[in-house]
Amino acid sequence: MIAEGKIYFKYLRMHLLSGMEYKGWWLMLIQVLIVVISDPIATILLFSRFGNIGEWTVAHIILVYSLAVSSFGLAESLCRGFDYFPWHLLRSGDFDRLLLRPRSLFVQVAASRFHLHRLVRPVTGICAAGWALGELGIPLTPGKLGILAMAMAGGCLMYCGVFVLTSGLAFFTIKGLDWIYLLTNASYQITRCPEPYMPRALKSVFSFVLPMLFISFYPAATVCGWEYPHWLGFLSLPAGAVFLGLSLLVWRIGVRHYKSTGS
């Protein structure tokens, strides 16, 4: 396990150094920063124009939204290879070469891509969460920091599971994987809607199918003391781990049924 971890970080370091060889690499950081900052502007403008929704202020929304965005940013930074897998490894036949190497397939695929500019999203999300907590007047104790850290770790595992699940299904579908964006970029947009105003169907989907609320809303509710069961805020890490575990099961089934592009 330790050896595989060392290999994984060597891969990331190699991608990082090769990417920084380009003189304009920092322009991508600015580009992503502009996109990330401009993304929630519509929500901020709506609140500034129409006011709060009951007890929900823009700080409440930004806190929940930032937890989800940070988790997604960490996952697409650390598990980027699975996001590219169906298009750049499976269809091209390059996956055959990975099968010949006596190393973990998960590590090889996960570390096959790494883009430094993707780290802008989690860093910006963490800063936005800090701003929202300050606006809400929530003091940061070690316990609350632990809950927020578990939320981002659980969210990272969940989104890694989404990428792994897509790659596992790609062994059978090959094409038609655009629906995955419903579980990635589109999924964290749901956090802009206050949980009490969500339709029951959406609550069920984003609690028991994709545990989005467990990695964003419930940890925020526990930290801020909203009127929800306190223990729900501690389920983010287990929920993310369970989702990743199920996704790995689909991935392993897909690998067993894989037929070489040369066969």
Side-chain angles (χ1 to χ4, degrees), residues 1-22 25-26 28-29 32 70-123 125-126 149-150 152-172 174 177 180 183-184 215 236-263:
M1 192 70 178
I2 296 177
E4 298 295 344
K6 289 181 178 179
I7 292 174
Y8 172 79
F9 285 107
K10 283 183 179 179
Y11 266 110
L12 296 192
R13 181 175 179 272
M14 182 175 59
H15 288 305
L16 175 63
L17 293 177
S18 63
M20 294 178 69
E21 286 295 317
Y22 296 94
W25 63 269
W26 55 273
M28 289 298 297
L29 298 178
V32 176
S70 299
S71 300
F72 176 68
L74 285 173
E76 71 170 355
S77 299
L78 302 178
C79 206
R80 188 69 173 170
F82 278 101
D83 191 23
Y84 278 83
F85 176 79
W87 296 271
H88 293 273
L89 286 178
L90 188 60
R91 293 184 191 176
S92 65
D94 289 338
F95 185 60
D96 291 359
R97 293 189 291 108
L98 302 189
L99 290 170
L100 297 175
R101 298 171 183 170
R103 294 296 180 185
S104 166
L105 281 176
F106 181 88
V107 170
Q108 292 186 73
V109 175
S112 61
R113 296 271 176 168
F114 177 75
H115 299 144
L116 178 62
H117 59 272
R118 295 295 175 181
L119 290 174
V120 172
R121 197 186 299 272
V123 172
I126 292 171
M150 285 193 298
M152 283 187 280
C156 179
L157 292 178
M158 185 199 74
Y159 277 116
C160 286
V162 171
F163 296 139
V164 173
L165 176 64
T166 308
S167 299
L169 293 175
F171 287 106
F172 304 98
I174 304 299
L177 292 170
I180 191 59
L183 301 179
T184 54
I215 62 95
S236 53
L237 196 55
V242 168
F243 189 86
L244 177 59
L246 294 175
S247 301
L248 285 172
L249 180 61
V250 175
W251 161 258
R252 288 169 182 168
I253 293 173
V255 171
R256 291 196 196 102
H257 288 79
Y258 173 70
K259 293 182 180 180
S260 171
T261 53
S263 62

*Mind listing the closest non-hydrogen atom pair of Leu165 and Ser247 along with its distance?*
CB-OG, 3.7 Å
*Please examine the side chains of Leu246 and Val242, heavy atoms only from C-beta on, and report whether any two atoms are closer than 4.5 Å.*
yes
*Option from Val107, Leu89, Asp94, Leu98 for which side-chain contact (heavy atoms from CB on, under 4.5 Å) with Ser112 holds*: Leu89
*How many angstroms lie between SG in Cys160 and CZ in Phe106, if you round to the nearest 0.5 Å?*
6.0 Å
*Do the ring planes of Trp251 and Phe171 sit parallel (below 30°), tilted (30 to 60°) or perpendicular (above 60°)?*
tilted
*At what distance, to the nearest 0.5 angstrom, does CG of Leu119 lie from CG of Leu74?*
8.0 Å
*asked:* Using every non-hydrogen atom in the two residues, find where Leu237 and Ala153 come nearest and quote the distance to one decimal.
replied: CD1-CB, 3.8 Å
*Just do the side chain to side chain contact (heavy atoms under 4.5 Å, CB included) check on Val109 and Phe163 with the steps written out, would you?*
CA-CA 11 Å; Val109 175; Phe163 296 139; over 6 Å; no
_Heavy-atom pair with the smallest gap, counting every atom of Gly154 and Ile215_ = C-CG2, 3.8 Å
*Go through the steps for Phe114 and Arg13 under the test side chain to side chain contact (heavy atoms under 4.5 Å, CB included), then give the verdict.*
CA-CA 9 Å; Phe114 177 75; Arg13 181 175 179 272; over 6 Å; no
*asked:* Nearest 0.5 angstrom please: Asp96 CG to Leu100 CG, how far?
replied: 7.5 Å
*Check salt bridge (charged side-chain N to carboxylate O under 4.0 Å, His left out) between Arg113 and all other residues, then give those that pass, not counting sequence neighbours.*
none
*Rounded distance (nearest 0.5 Å) linking atom CE of Met152 with atom CE of Met150*: 11.0 Å
*Residue from Phe243, Phe82, Phe72 passing ring-ring contact (aromatic ring centres under 6.0 Å, His included) with Tyr159*: Phe72
*Measuring from Gln108:CD to Phe85:CZ, what's the distance to the nearest 0.5 Å?*
11.0 Å
*Is Tyr8 close to Leu78 at the side-chain level, that is, under 4.5 Å between some pair of heavy atoms?*
yes
